[in-house]
Amino acid sequence: QVQLVESGGGLVQAGGSLRLSCAASGSIVSINAMGWYRQAPGKQRELVAAITSGGSTNYADSVKGRFTISRDNAKNTVRLQMDSLKPEDTAVYYCNAEAILTGWPFRRAYWGQGTQVTVSS
């Protein structure tokens, strides 16, 4: 199985920065895309940012210009640099990976446990 372990969440003041990291491990053959989703109380889970193995990126409009996603394919890690944080960024952030595992030639989505990001006013 794939394990996705997130780190870097915490409490910061508005305007501050946080860096989230996610490391994937297990019987991985390949990972196509990795990304971050978030879910705030009373809201649906939404895509924050995603990146493919080739380096193509997508961002939610609400975070463009403030967040930067990057990836180390060799280490199967993804990082989300969050700058100019706003209170509305407060949510649980989940790491996601679309991966092919040994013995199963189909890509599936895998999720981390989530890490809390809280931005105070």
Side-chain angles (χ1 to χ4, degrees):
Q1 288 187 309
V2 172
Q3 297 285 335
L4 298 177
V5 180
E6 302 111 330
S7 63
L11 173 65
V12 298
Q13 294 183 336
S17 298
L18 281 175
R19 182 183 296 109
L20 304 183
S21 295
C22 175
S25 62
S27 56
I28 301 169
V29 175
S30 64
I31 298 177
N32 180 35
M34 299 187 75
W36 292 91
Y37 290 71
R38 68 186 181 188
Q39 187 166 23
K43 295 185 178 181
Q44 294 184 332
R45 186 173 299 185
E46 64 175 352
L47 173 69
V48 178
I51 185 169
T52 68
S53 60
S56 298
T57 60
N58 287 290
Y59 296 91
D61 289 341
S62 60
V63 307
K64 284 184 177 178
R66 300 189 297 119
F67 292 7
T68 303
I69 190 168
S70 60
R71 175 175 175 175
D72 186 333
N73 292 331
K75 297 181 179 179
N76 289 327
T77 60
V78 63
R79 169 179 286 184
L80 185 68
Q81 177 67 41
M82 304 185 293
D83 298 320
S84 301
L85 283 162
K86 304 175 181 180
E88 50 263 44
D89 294 318
T90 296
V92 177
Y93 285 69
Y94 297 90
C95 180
N96 169 266
E98 296 179 347
I100 296 175
L101 305 186
T102 300
W104 189 253
F106 301 98
R107 182 169 285 108
R108 295 186 62 182
Y110 299 89
W111 297 88
Q113 291 296 114
T115 184
Q116 178 70 46
V117 171
T118 302
V119 184
S120 62
S121 300

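Among pairs with a residue in residues 100-121, none fulfils salt bridge (charged side-chain N to carboxylate O under 4.0 Å, His left out), at least two apart in sequence or across chains. The salt bridge (charged side-chain N to carboxylate O under 4.0 Å, His left out) analysis of residues 49-63, with sequence neighbours excluded, yields the pairs Asp61-Lys64. Listed by first and then second residue, the ring pair (Phe, Tyr, Trp, His ring centres under 6.0 Å) pairs involving residues 29-86 are Tyr37-Trp111 (not counting sequence neighbours). Among residue pairs with one or both ends in residues 29-72, none qualify as disulfide bond (SG atoms under 2.5 Å apart); sequence neighbours excluded. Residue pairs that meet the ring pair (Phe, Tyr, Trp, His ring centres under 6.0 Å) test with at least one member in residues 6-32, sequence neighbours left out, do not exist here. Counting only residues at least two apart or in different chains, disulfide bond (SG atoms under 2.5 Å apart) contacts with residues 56-114 comprise Cys22-Cys95.
Counting all heavy atoms, side chain and backbone alike, Leu85 lies closest to Val12 at CD1-CG2, 3.5 Å. When every heavy atom of Ala24 is checked against every heavy atom of Leu4, the shortest pair comes out as CB-CD2, 3.3 Å. Residues Ala109 and Asn96 come closest through the heavy atom pair CB-ND2, 3.9 Å. Pairing each heavy atom of Thr102 with each of Val29, the nearest pair is N-CG2, 3.4 Å. Residue Leu80 comes nearest to Ala49 through the heavy atom pair CD1-CB, 4.1 Å, listed as atom of the first residue, atom of the second, then distance. Taking both residues in full, the closest heavy atoms of Met34 and Asn76 are given as CE-O, 4.1 Å, listed atom of the first, atom of the second, then distance.
A search for salt bridge (charged side-chain N to carboxylate O under 4.0 Å, His left out) contacts involving Lys75 returns nothing, not counting sequence neighbours. Listed by chain and residue number, Asn73 satisfy the side chain to side chain donor-acceptor pair (under 3.5 Å) test with Arg71 (two or more places apart in sequence, or in another chain). Residues passing the side-chain contact (heavy atoms from CB on, under 4.5 Å) test with Ser121 are Pro87, sequence neighbours excluded. With sequence neighbours excluded, the residues that form a salt bridge (charged side-chain N to carboxylate O under 4.0 Å, His left out) with Glu46 are Arg38. Remark: Asp83 engages Ser17, Gln81 in a side chain to side chain donor-acceptor pair (under 3.5 Å) (not counting sequence neighbours).
We find the CG-CD1 distance between Asn32 and Ile100 to be 8.0 Å, quoted to the nearest 0.5 Å. The distance from atom OH of Tyr110 to atom CD of Glu98, rounded to the nearest 0.5 Å, is 11.0 Å. We find the OG1-CG distance between Thr118 and Leu11 to be 6.0 Å, quoted to the nearest 0.5 Å.
In this structure, the side chain of Glu6 engages the main chain of Gln113 through a donor-acceptor pair within 3.5 Å. A donor-acceptor pair under 3.5 Å is absent between the side-chain atoms of Ser21 and the main chain of Arg79, judged by distance alone.
Grouping Ile, Leu, Val, Met, Phe, Trp and Tyr residues whose side-chain heavy atoms lie under 4.5 Å apart, directly or via other members, places Trp104 in a hydrophobic cluster with Phe106.
Counting heavy atoms from C-beta outward, Ile28 and Leu101 have side chains that approach closer than 4.5 Å. Val2 places none of its side-chain heavy atoms less than 4.5 Å from the side chain of Ile31. Here the side chains of Asp89 and Arg66 are in contact, with some heavy-atom distance below 4.5 Å.
In terms of hydrophobic clustering, with Ile, Leu, Val, Met, Phe, Trp and Tyr side chains grouped at heavy-atom distances under 4.5 Å, Val78 and Val117 are assigned to a common cluster.
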